[in-house]
There are 2 protein chains.
Amino acid sequence: MPLEGRTKQDVLSEFRCAEILTAARGVFARKGFQAATMDDIAGAAGVGKGTLYLYYRSKRDIYLASLEHGLRALSALTAAEVAAAARIEDKIRAFVLTKVRYFDEQRDFYRIYHAEFGNVVAHPSCLPDELMALYLQQVQQLEQAIQQAVDRGEIRPVQAGTVAFAIFEITRGIITQRLLDRTGSRAEDDGAFIVDLIWKGIGNR
Amino acid sequence: MPLEGRTKQDVLSEFRCAEILTAARGVFARKGFQAATMDDIAGAAGVGKGTLYLYYRSKRDIYLASLEHGLRALSALTAAEVAAAARIEDKIRAFVLTKVRYFDEQRDFYRIYHAEFGNVVAHPSCLPDELMALYLQQVQQLEQAIQQAVDRGEIRPVQAGTVAFAIFEITRGIITQRLLDRTGSRAEDDGAFIVDLIWKGIGNR
DNA sequence: TATAGTATACTGACTGCTCGGTCAGGTTAC
DNA sequence: GTAACCTGACCGAGCAGTCAGTATACTATA
């Protein structure tokens, strides 16, 4: 049956794609985009170098695919958690904790994510607009929530953008510290610290 | 007179070194370490490629030299300003404002600094211990000052390390935003925002 | 002051190597 | 038998670093 045969191939193909992507993520995390070679990735994936080009057009393609994969998952997760929280304080807590927890699980991805977006300023690295938008969306959602809270008088009249940015940055700092740290504090504690700090800074009382 | 001749050469040599370093800083800032080529640097400095190797041993050498140059200046300036402030609130303000102002002036350096140290986690880039220590020293000094303030009861009993790190990170965030931003807010205002936020979070009242 | 001699500074064509991407040919599954 | 899948030797571009040769500055001597 042609349809069934087609599907079988598709499944196999998707499996290979994912296999390569996982291997690539590890290599990119360890070495960075430049230093990672296609031979490295092929070796890690357990396939020949030529095979990579059956599934992806270029090294950059694989890199972007692994970046996008993680970013979409993170973005969707964060958006859902934030939306589910009612009060602004809980939204902030959800934002911070979701991110801290996600990166706790996805350390390879964090290294790629951080290397790429930590450097947006440094050398604006011609990312597809779509990815860049996905990245910026994270702060924007938070900003909107904060602005809303200001409008409703739930918190002091702060610059929503700046506060959102500050939360975003401290969160990254905490995650970075967790990756470096061997003591292994709990994600909840680190998250609580930020929320506490920010809340004292912007809360109404 | 041999001594006079020697000195003359030294001066000339130092001048060339500085000339190359300035050119290299611009190129590294624009393209990043990997993408910058020795031909680029030679072109920017207005000398032949071979000349670069009369003053520096390798591309990496030039890169490290430009990094160290800026980092030493920043570190010395910050340490002096923080030491000059008496109360912890003023120390924090000095820390933040000195950095914001410094990077406002040294945007090329910021791009190199940020690309390198923003990624310490990403791929621990075999920097000389000396440079790494100089970088970490910045947070440590602040941490000590905060710990002291806690011990004296000037502020709430917070985790000095975590707070220092948070201040460090938000400061970087603000600087990043300033570089991206076209509206040109005043360094003082951006600095005041952070200090205000942090102070509400850790202050005694 | 002119000239020859020498040391120092500089240059850019060249070399060797790395690595992204290709493709002719092999392998596997049915 | 054949179609889909896979491979890795190979190609060519790009670039760090070299070095034989040139230019410049300085010194010694007449």
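Values below: all heavy atoms of this structure, side chains included; hydrogens, waters and symmetry mates excluded. Below, chains carry the letters A, B, ... as their sequence lines are ordered, and counting in each starts from 1.
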Discussion item. Rounded to whole Å, how long is the line connecting atom OH of Y56(A) with atom C1' of dC5(D)?
Written reply: 17 Å
Discussion item. So L52(B), base contact, sugar-phosphate only, or nothing? Heavy-atom distance under 4.0 Å.
Written reply: nothing
Acceptor/donor pairs from residues 92-100 of chain B side chains to any protein atom, 3.5 angstrom cut, sequence neighbours excluded:
residue : atom : partner : partner atom : Å
R93(B)  : NH1  : D90(B)  : OD1          : 3.2
T98(B)  : OG1  : A94(B)  : O            : 2.5
K99(B)  : NZ   : Q138(B) : OE1          : 2.6

Discussion item. Can you list everything that forms a ring-ring contact (aromatic ring centres under 6.0 Å, His included) with Y56(A)? Sequence neighbours excluded, please.
Written reply: none
Worksheet item: Under 4.0 Å: is that the gap between some side-chain N or O of R57(A) and OP1 or OP2 of dG20(C)?
Response: no
Discussion item. Just N and O in the side chain of Y55(A): are any of them under 4.0 Å from OP1 or OP2 of dC6(D)?
Written reply: yes
Practice prompt. Consider the side chain of V47(A), meaning its heavy atoms from C-beta on, and name the nucleotide among dA16(D), dT22(C), dT7(D) that approaches it most closely.
Written response: dT7(D)
In residues 40-52 of chain B, what donor-acceptor pairs under 3.5 Å come from side-chain atoms, sequence neighbours left out?
residue : atom : partner : partner atom : Å
D40(B)  : OD1  : T37(B)  : OG1          : 3.4
D40(B)  : OD2  : K31(B)  : NZ           : 3.1
D40(B)  : OD2  : T37(B)  : N            : 3.1
D40(B)  : OD2  : T37(B)  : OG1          : 3.1

Worksheet item: Parallel, tilted or perpendicular: which describes the rings of Y135(A) and F168(A), with under 30° parallel and over 60° perpendicular?
Response: perpendicular
Practice prompt. Apply side-chain hydrogen bond (donor to acceptor under 3.5 Å, both in side chains) to D189(B) and list each qualifying residue two or more places apart in sequence or on a separate chain.
Written response: R186(B)
Discussion item. From CZ of F15(A) over to P of dC5(D), roughly how many Å is that when rounded to an integer?
Written reply: 15 Å
Fill in: Set of residues satisfying ring-ring contact (aromatic ring centres under 6.0 Å, His included) with respect to Y63(B), sequence neighbours excluded
F28(B), F33(B)
Worksheet item: Just how far, in rounded Å, is P of dG21(C) from CG of L54(A)?
Response: 14 Å
Worksheet item: Just how far, in rounded Å, is C1' of dA16(D) from CD1 of I62(B)?
Response: 11 Å
Distances under 3.5 Å only, N/O to N/O: pair up the protein atoms with those of nucleotides 12-15 of chain D.
none

